[in-house]
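Since the structure comes first, as structure tokens, the remarks are kept for the end.
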There are 2 protein chains.
Amino acid sequence: MRTLDHPATDELELDTVLAALGDPVRRRIVLQLADGHDEQACIAFELPVSKSTSTHHFRVLRTAGVISQCYRGTAIHSTLRRDDLDERFPGLLDAVLDAARR
Amino acid sequence: MRTLDHPATDELELDTVLAALGDPVRRRIVLQLADGHDEQACIAFELPVSKSTSTHHFRVLRTAGVISQCYRGTAIHSTLRRDDLDERFPGLLDAVLDAARR
DNA sequence: GTGTTAGTACGTCGTTCATCGTACTAGGCT
DNA sequence: AGCCTAGTACGATGAACGACGTACTAACAC
């Protein structure tokens, strides 16, 4: 089984996380994950970019520690790392999600 | 008297604000402002960059709506737009400040 | 096996951005 | 007037980034 690297909770960096959340396409992914669409493959997200660009954004989110990903067959299962983010940067994710929903 | 442009509260954009807060030098400025150092000229901030780069960062913060600036003689007086940011993006500034202080 | 599907690797292109130095302006002080 | 100080304008440079297409791999279904 293929594996994917994730940073540990105490390795999360504010710079990286803010950079990850700073892109509108990535916020769109995070929003869809937050709204419960976390049982679908990357390709099923509605994004205005190509497949390879989509891969790029998912990887940025993962290496920043915003989401975690694991393989399910050929597809990838992504989830928001809510608890980890809240532990390290309390309130940040919720504030961004809140702001993004307007 | 020279004047400086500021976006209205309802014109603040999440993208721009996140981009502004995403830079470590600018977060340092914001932190110093939040900690009460808001009665000093731009040049008095302790920043690891040149004077012209410093001007650049202050302008990014102002045009994003994170700070407001007005002339006091030749110097510029900068303040955090706490209330405006809280009105438009509740909790965001505090979450970032909190995270930046670790 | 073949074919299909989901995602990756890689190289490229164009844009944006942080940084700088130099030359300049506006306001205050003597 | 002359000088100093705080900040700006402008142009240059190099790095980072978002976007793309093409060619590839891994897992599943048949």
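Chain naming here is simple, since letters A, B, ... match the order of the sequence lines and numbering starts at 1 in each.
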On the nucleotide [N], are OP1 or OP2 found under 4.0 Å from the side-chain N or O atoms that [X] carries?
X       : N      : answer
B/Thr74 : D/dG7  : no
A/Thr53 : D/dC20 : yes
B/Arg59 : D/dA9  : yes
B/Ser50 : C/dC20 : yes

Out of [options], which nucleotide sits closest to the side chain of [X]?
X       : options               : value
A/Ser52 : D/dG7, D/dG21, D/dG18 : D/dG21
A/Ala75 : C/dT19, D/dA19, C/dG7 : C/dG7
B/Val49 : C/dG7, C/dC20, D/dA6  : C/dC20
B/Cys42 : C/dG7, D/dG7, C/dA26  : D/dG7
A/Lys51 : C/dT8, D/dT8, D/dA19  : C/dT8

Round to a whole Å and report the spacing from [atom1] of [X] to [atom2] of [N].
X       : N      : atom1 : atom2 : value
B/Arg2  : D/dA9  : CZ    : P     : 10 Å
B/His77 : C/dG27 : NE2   : C1'   : 18 Å
A/Tyr71 : C/dT5  : OH    : P     : 18 Å

Report summary line: Residue pairs passing the side-chain hydrogen bond (donor to acceptor under 3.5 Å, both in side chains) test with at least one member in residues 41-53 of chain B, sequence neighbours excluded, are B/Ser50-B/Ser52, B/Ser50-B/Thr53
Query raised in the report: Hey, what bend do you get for the helix from C/dG1-D/dC30 to C/dT30-D/dA1 if you fit axes on five pairs at each end, rounded to 10°?
Result: 20°
Taking distance alone, no hydrogens or angles, what donor-acceptor pairs closer than 3.5 Å link side-chain atoms of residues 91-102 of chain B to residues at least two apart or in another chain?
{"unit_1": "B/Arg101", "atom_1": "NH1", "unit_2": "B/Asp35", "atom_2": "OD1", "d": "2.8"}
{"unit_1": "B/Arg102", "atom_1": "NH1", "unit_2": "A/Arg88", "atom_2": "O", "d": "3.4"}

Query raised in the report: Taking the nucleotide of DNA chain D with the closest heavy atom to each, which residue, A/Arg26 or B/Gln69, is nearer the 5' end?
Result: B/Gln69
Query raised in the report: Within the structure shown, what part of the strands sits under 4.0 Å from B/His56 by heavy-atom distance: base, sugar-phosphate, or nothing?
Result: base
